[in-house]
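As structure tokens, the structure follows; a few thoughts come after it.
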2 protein chains.
Amino acid sequence: MNRTNYSAKREAIYSAICSTKTHPDAEWIYNKVKIDFPNISLGTVYRNLVMLRNEGKIISLGVVKGCERFDGNVREHSHFICTECGRIIDVSRNFALHISNLDELVQKELGVKVESHDLAFYGKCDLCREGQEK
Amino acid sequence: MNRTNYSAKREAIYSAICSTKTHPDAEWIYNKVKIDFPNISLGTVYRNLVMLRNEGKIISLGVVKGCERFDGNVREHSHFICTECGRIIDVSRNFALHISNLDELVQKELGVKVESHDLAFYGKCDLCREGQEK
DNA sequence: AAAGAAATCAGTAATGATTATCATTTTTCA
DNA sequence: TGAAAAATGATAATCATTACTGATTTCTTT
């Protein structure tokens, strides 16, 4: 198997993700890292996102409006996703107690191995609501 | 505003989605409808998926392995998604009571309008587990 | 410290799902 | 029925992501 070598770029990518609560996509991360590494390639960002995700250092929040979004906060927490602008906001209230025991129920019912779960809320964020005052 | 005219193809697309529990993607639906409408275009499928979703007759389950997946069952229910093969399985156990009251908490905390939520479980399905006997 | 091996990278081409376009066909309703 | 509106087929365009390749960096073993 391939080992993992040190990479300053990978560290910068990870730092960029952890530096924000915007749950960025590859392009955002690329532009952020570019400040310190002007010659970085977008392909390098994508390649390292896969590696960081496999290592469990970041998680994917899925595809929102065509772009995959990432989070450096790997502790269990829920998100609100605005269906209008695509903004993703952390829900600080912890719902783990409500859900963690459900994993076992799903495993039993379906005969599968549940490794994670995700609770997301969808709707209109505050900015989009006032933007259309409704 | 534009009205919505009758369309036999749209009905067939909706029927195709409701005829299966596989939570299909556009390509699957296209091939299914093609049996009865050999000249249907893939673009028509995509166009009608948008319309059916806007009407609330189907829901999107998000992008799994690069393809958006759809469900004709719009009643609240959770899904298990296999991270290996992309299979999506309905969870029959109803968790609505665990979650519905959380919408309000999220609205209060973030000042947003929550319109829906989604609880998904991820892991390895029975087939993928035995396929790698582990 | 230096060399060879392995991993990472930049730059660029390729991929593939989805969307847009437009001329033609179908549906609606007066 | 016939004109206006909506839907469609065929195809081109878009755009996020992946694959490729030769150069560069990191690691290991002297």
Side-chain angles (χ1 to χ4, degrees), chain A residues 1-17 22-55 57-70 81 83 85-86 88, chain B residues 1-17 22-55 57-70 81 83 85-86 88:
Chain A
M1 266 329 146
N2 289 357
R3 285 179 306 98
T4 298
N5 280 354
Y6 170 81
S7 157
K9 306 251 172 85
R10 178 151 56 241
E11 274 199 357
I13 289 166
Y14 178 63
S15 292
I17 297 168
T22 61
H23 313 88
D25 62 7
E27 191 80 26
W28 187 98
I29 297 163
Y30 170 63
N31 286 312
K32 178 84 173 177
V33 175
K34 218 156 139 182
I35 296 169
D36 290 321
F37 296 85
N39 74 330
I40 195 170
S41 165
L42 186 54
T44 296
V45 173
Y46 277 105
R47 207 179 324 110
N48 282 288
L49 285 172
V50 171
M51 299 179 73
L52 290 167
R53 182 163 47 68
N54 289 344
E55 291 172 27
K57 297 184 73 176
I58 66 173
I59 57 175
S60 166
L61 303 183
V63 177
V64 177
K65 288 186 173 290
C67 297
E68 186 164 16
R69 306 282 287 271
F70 298 91
I81 301 175
T83 53
C85 68
I88 301 178
Chain B
M1 269 325 146
N2 291 356
R3 284 179 306 98
T4 297
N5 280 353
Y6 170 80
S7 156
K9 307 253 172 84
R10 184 175 312 127
E11 274 199 356
I13 289 166
Y14 177 63
S15 292
I17 298 169
T22 61
H23 313 88
D25 61 9
E27 192 81 27
W28 186 99
I29 297 163
Y30 170 63
N31 286 312
K32 178 84 172 177
V33 174
K34 216 156 138 182
I35 297 170
D36 291 322
F37 296 86
N39 74 330
I40 194 170
S41 165
L42 186 55
T44 298
V45 173
Y46 277 106
R47 211 176 317 111
N48 281 289
L49 285 171
V50 172
M51 298 180 75
L52 289 167
R53 182 164 47 69
N54 289 344
E55 290 172 27
K57 297 185 74 177
I58 66 173
I59 56 174
S60 166
L61 303 184
V63 177
V64 177
K65 289 185 172 291
C67 297
E68 187 164 16
R69 306 282 287 270
F70 297 91
I81 301 175
T83 54
C85 68
I88 301 178

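What you are looking at is a predicted structure, and each value in this text was computed from that prediction instead of being measured. Here is how names work: the chains are called A, B, and so on, in the same order as the sequence lines, proteins then strands, and each is numbered from 1. All heavy atoms count here, side chains included; hydrogens, waters and symmetry mates do not.
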#### Entry: Whole-Å distance separating the CD atom of B/Glu11 from the P atom of C/dT27
11 Å
#### Entry: Atom-to-atom span, CG of A/Leu49 to C1' of D/dA16 - whole angstrom
13 Å
### Query
Among all residues two or more places apart in sequence or in another chain, which pass the side-chain contact (heavy atoms from CB on, under 4.5 Å) test with A/Ile88?
A/His23, A/Leu61, A/Val64, A/Arg69, A/His79, A/Ile81
### Summary
When rounded to whole Å, the CG to P distance for the pair B/Asn54 and D/dA6 reads 15 Å
### Task
Could I get the full list of side-chain contact (heavy atoms from CB on, under 4.5 Å) partners for B/Lys57, not counting sequence neighbours?
B/Tyr14, B/Leu52, B/Glu55
### Query
Under a 4.0 Å heavy-atom cut-off, which of residues 60-70 of chain A touch DNA chain D?
A/Gly66, A/Cys67, A/Glu68
### Message
In this structure, how many angstroms lie between the P atom of C/dT18 and the CE atom of B/Met51, rounded?
### Response
18 Å
### Message
Just verifying a value: how many Å separate A/Ile29 CD1 and A/Ser15 OG, rounded to the nearest 0.5 Å?
### Response
11.5 Å
### Task
Between protein and nucleotides 21-30 of chain D, map the contacts as a letter string: B base, S sugar-phosphate only, - none, heavy atoms under 4.0 Å, written 5' to 3'.
-----SSS--
#### Entry: Verdict with reasoning, A/Arg53 to A/Val50, per side chain to side chain contact (heavy atoms under 4.5 Å, CB included)
CA-CA 5 Å; A/Arg53 182 163 47 68; A/Val50 171; 4.2 Å; yes
### Task
Taking side-chain hydrogen bond (donor to acceptor under 3.5 Å, both in side chains) as the test, write out the residues that go with A/Tyr30, two or more places apart.
A/Lys34
### Summary
Closest heavy-atom pair, A/Ala16 versus A/Lys32, reported as atoms and distance to 0.1 Å, is CB-CG, 3.6 Å
Pairs of donor and acceptor atoms involving the side chains of residues 37-47 of chain B, under 3.5 Å and at least two apart or interchain, shall be tabulated with distances.
| residue | atom | partner | partner atom | Å |
| --- | --- | --- | --- | --- |
| B/Ser41 | OG | B/Gly43 | N | 3.2 |

### Which residues share a side-chain hydrogen bond (donor to acceptor under 3.5 Å, both in side chains) with B/Asn5, sequence neighbours left out
B/Arg3
#### Entry: Minimum heavy-atom distance between A/Ser60 and A/Glu68, given as atom pair plus value
OG-OE2, 2.6 Å
### Query
With sequence neighbours left out, what residues match A/Cys67 under side-chain contact (heavy atoms from CB on, under 4.5 Å)?
A/Asp25
### Task
Let me know the distance between CZ of B/Arg10 and C1' of C/dT27, rounded to the nearest Å.
11 Å
### Summary
Applying side-chain hydrogen bond (donor to acceptor under 3.5 Å, both in side chains) to B/Thr4 and not counting sequence neighbours gives none
### Query
At how many degrees, to 10°, do the end axes of the helix from C/dA1-D/dT30 to C/dA30-D/dT1 meet when each uses five pairs?
40°
### Message
Under the rule for side-chain hydrogen bond (donor to acceptor under 3.5 Å, both in side chains), what residues qualify as partners of B/Thr83, not counting sequence neighbours?
### Response
B/Lys124
### Task
Using atom OH of B/Tyr30 as one end and atom C1' of C/dT19 as the other, report the distance to the nearest whole Å.
16 Å
### Query
Rounded to whole angstrom units, what separation is found between the CD atom of A/Glu27 and the P atom of D/dT17?
9 Å
### Task
Using heavy atoms and a sub-4.0 Å distance, could you list which residues of residues 39-48 of chain A are near DNA chain C? By number, please.
A/Asn39, A/Ile40, A/Ser41, A/Thr44, A/Arg47, A/Asn48
### Task
Applying side-chain contact (heavy atoms from CB on, under 4.5 Å) between A/Arg10 and each of A/Leu49, A/Asn48, A/Val33, report the one that passes.
A/Asn48
